[in-house]
Chemist: 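Got a structure for you, questions after.
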Number of protein chains: 2
Amino acid sequence: MARQTRQKDAIVAALRAHGEFVSAQQLHQALEDAGEHIGLATVYRQLNALADSGEADTVRLDGQQLFRLCGTGHADGDDGHDGAEPRRHHHHLVCTSCGKTVEIDPPGEQWLRTIADRHGFTIESHTLELFGLCADCRKKQDDASDAS
Amino acid sequence: MARQTRQKDAIVAALRAHGEFVSAQQLHQALEDAGEHIGLATVYRQLNALADSGEADTVRLDGQQLFRLCGTGHADGDDGHDGAEPRRHHHHLVCTSCGKTVEIDPPGEQWLRTIADRHGFTIESHTLELFGLCADCRKKQDDASDAS
DNA sequence: CTTTTTGCAAATCATTTGCAACTGA
DNA sequence: TCAGTTGCAAATGATTTGCAAAAAG
């Protein structure tokens, strides 16, 4: 069902190359720069497809949606069961200055279950995002505020 | 600096009445229903003002921003230093069906600190949102899927 | 050839803003 | 009076979608 196209490849490549989270717009721009003239709509479509299939991870920062390759692995062999579950949940630690992103460990699924139970909820998904400054940016910022 | 206007009151009232998170659009609609003809733009402006002043809490679900009165408190006396810190962080449990929202306890600030430390980050803010179905909606949905 | 994918532009959607008319303190 | 506030409509910005042309299998 999924055909292999130049643009799809380019998008995944760009995504992989970038490593961190990027907005569709940014990625589109990057592709332009790289000489790959791909429609913005296609970038969006592809990105969403990746997110839905679970190959990409997404976060919503401010008003935009950012994407990043998930396992950075890639298609391994094949698997018989494909996703019935769309977008996964994420746990990220994002530097608000340089954008560096780190995956973090889940905050005890145990705790999660407890909360859900207590309120009679059935958890479908959850997001946890920590925003702050990474060591480097922290230093830079200190220096900056030091100057007048 | 902040004048008291009919619309501002109506908005806060509607917000308080609703209790849970609402989108600007929803709130605007509600006001219309209540006979209060207030410009959508004004609703947005007011809502943002409330959020900035810390009187309202906000979450981003999907592509919209939802608001809810925060401490139900209000401006205390006056203060010389005005906000350097805009919007706070939240911990919510939201029903994706009826919108019911429950405040939940933080997932161990301890754990948070550990993560931050390990990666050399200085956490500025964080968001944690759990989405799922509350008991009621879960039942309803089961029934529905039961019918063909 | 048949179906998926692309492209582009027009369409949405939520939110913001310009600016003149308005109104509360 | 006069600055903060409102309204409406037009402007934005991100993302989506309609549809015919291009490409993959």
Side-chain angles (χ1 to χ4, degrees), chain A residues 1-15 18 21-32 34-53 55-68 75 78 82 86-87 99, chain B residues 1-15 18 21-32 34-53 55-68 75 78 82-83 86-87 94 96 99 129:
Chain A
M1 262 189 180
R3 287 178 185 171
Q4 164 157 13
T5 68
R6 176 174 356 293
Q7 26 277 93
K8 184 178 297 188
D9 273 349
I11 291 172
V12 174
L15 204 48
H18 193 281
F21 280 95
V22 239
S23 67
Q25 314 261 0
Q26 287 180 301
L27 200 61
H28 175 250
Q29 190 56 56
L31 286 164
E32 284 285 286
E36 294 282 9
H37 215 110
I38 298 180
L40 180 56
T42 300
V43 174
Y44 272 103
R45 274 187 284 235
Q46 244 14 56
L47 249 27
N48 278 323
L50 288 172
D52 281 333
S53 74
E55 295 173 73
D57 224 9
T58 84
V59 232
R60 264 188 211 279
L61 181 48
D62 188 49
Q64 315 186 184
Q65 185 157 28
L66 308 179
F67 302 80
R68 185 189 57 175
D78 62 306
D82 90 333
R87 305 175 173 209
Chain B
M1 262 185 182
R3 287 178 186 171
Q4 163 158 13
T5 67
R6 175 169 355 290
Q7 26 275 95
K8 185 177 295 189
D9 274 349
I11 291 173
V12 175
L15 205 47
H18 193 282
F21 280 96
V22 238
S23 67
Q25 314 264 357
Q26 287 180 301
L27 200 61
H28 175 251
Q29 190 56 58
L31 286 165
E32 283 286 285
E36 295 282 11
H37 216 110
I38 299 180
L40 180 56
T42 300
V43 175
Y44 273 103
R45 274 187 283 235
Q46 245 13 58
L47 249 27
N48 277 323
L50 289 172
D52 280 333
S53 74
E55 296 175 71
D57 222 11
T58 83
V59 236
R60 265 186 210 282
L61 179 49
D62 189 47
Q64 317 185 187
Q65 185 157 27
L66 308 180
F67 302 80
R68 185 189 56 177
D78 63 307
D82 84 334
R87 301 163 181 219
V94 186
T96 54
E129 319 275 357

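Below, read A as the first sequence line, B as the second, and so on, with proteins coming before strands; counting in each chain starts at 1.
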Chemist: From CG of B:Leu40 over to C1' of D:dC8, roughly how many Å is that when rounded to an integer?
Modeler: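 B:Leu40 atom CG is separated from D:dC8 atom C1' by 11 Å.
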Chemist: Give me the atom names and distance for the closest heavy-atom approach of B:Ala14 to B:Leu27.
Modeler: CB-CD1, 3.7 Å
Chemist: Can you list everything that forms a side chain to side chain contact (heavy atoms under 4.5 Å, CB included) with B:Ala41? Sequence neighbours excluded, please.
Modeler: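 B:Ala41 satisfies side chain to side chain contact (heavy atoms under 4.5 Å, CB included) with B:Arg45 only.
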Chemist: Are any of B:Asn48's side-chain N or O atoms less than 4.0 Å away from OP1 or OP2 of C:dT16?
Modeler: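 So the side-chain polar atoms of B:Asn48 do come within 4.0 Å of the phosphate oxygens OP1 or OP2 of C:dT16, strictly under.
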Chemist: Is B:Leu47 close to B:Thr58 at the side-chain level, that is, under 4.5 Å between some pair of heavy atoms?
Modeler: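 A side-chain contact under 4.5 Å is absent here.
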Chemist: Show me the protein contacts with nucleotides 21-24 of chain D, counting only N or O atoms at under 3.5 Å.
Modeler:
{"residue": "D:dA24", "atom": "N3", "partner": "A:Arg3", "partner atom": "NH1", "Å": "3.1"}

Chemist: Just the rounded figure in Å: distance from P of C:dT5 to CG of A:Leu47.
Modeler: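 After rounding, the gap between these two atoms is 15 Å.
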Chemist: My understanding is that only residues two or more places apart in sequence, or in another chain, count here; which of them pass side chain to side chain contact (heavy atoms under 4.5 Å, CB included) with A:Glu36?
Modeler: A:Arg6, A:Ala10, A:Leu31, A:Ile38
Chemist: Starting at the 5' end of DNA chain D, which residue's closest nucleotide do you reach first, A:Ala24 or B:Val43?
Modeler: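 Of the two residues, B:Val43 wins.
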Chemist: What nitrogen or oxygen pairs link the protein and nucleotides 9-14 of chain C at under 3.5 Å?
Modeler:
{"residue": "C:dA14", "atom": "OP1", "partner": "B:Gln64", "partner atom": "OE1", "Å": "3.4"}

Chemist: Please report the shortest heavy-atom distance between B:Glu55 and B:Ser53, naming the atom on each side.
Modeler: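 For B:Glu55 and B:Ser53, the tightest heavy-atom pair comes out as OE2-OG, 2.8 Å.
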Chemist: Does the base of D:dG4 carry an N or O that pairs as donor and acceptor with the side chain of B:Arg45 under 3.5 Å?
Modeler: no
Chemist: Listed by chain and number, what are the side chain to side chain contact (heavy atoms under 4.5 Å, CB included) partners of A:Leu40, not counting sequence neighbours?
Modeler: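 A:Leu40 satisfies side chain to side chain contact (heavy atoms under 4.5 Å, CB included) with A:Gln25, A:His28, A:Tyr44 only.
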Chemist: Mind calculating the distance between CD1 (A:Ile11) and P (D:dT15) to the nearest angstrom?
Modeler: 14 Å
Chemist: Between B:Ser23 and A:Lys8, name the one whose nearest nucleotide on DNA chain C is closer to the 5' end.
Modeler: A:Lys8
Chemist: What contact category does A:His28 fall into here, base, sugar-phosphate, or nothing, at under 4.0 angstrom with non-hydrogen atoms?
Modeler: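 A:His28: no heavy atom of the nucleic acid under 4.0 Å.
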Chemist: Take the C1' atoms of the five end pairs on each side of the helix from C:dC1-D:dG25 to C:dA25-D:dT1, get both axes, and report the angle to 10 degrees.
Modeler: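 Its terminal axes enclose an angle near 30°.
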Chemist: Taking atom C1' of D:dG7 as reference, at what distance in whole Å does atom NE2 of B:His37 sit?
Modeler: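 Distance, rounded to whole Å: 10 Å.
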Chemist: I need the minimum non-hydrogen distance between B:Arg3 and B:Lys8, along with the two atoms involved.
Modeler: O-NZ, 2.8 Å
Chemist: Does the side chain of B:Thr42 come within less than 4.5 Å of B:Thr5's, by heavy atoms?
Modeler: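 The answer is no; the side chains never approach within 4.5 Å.
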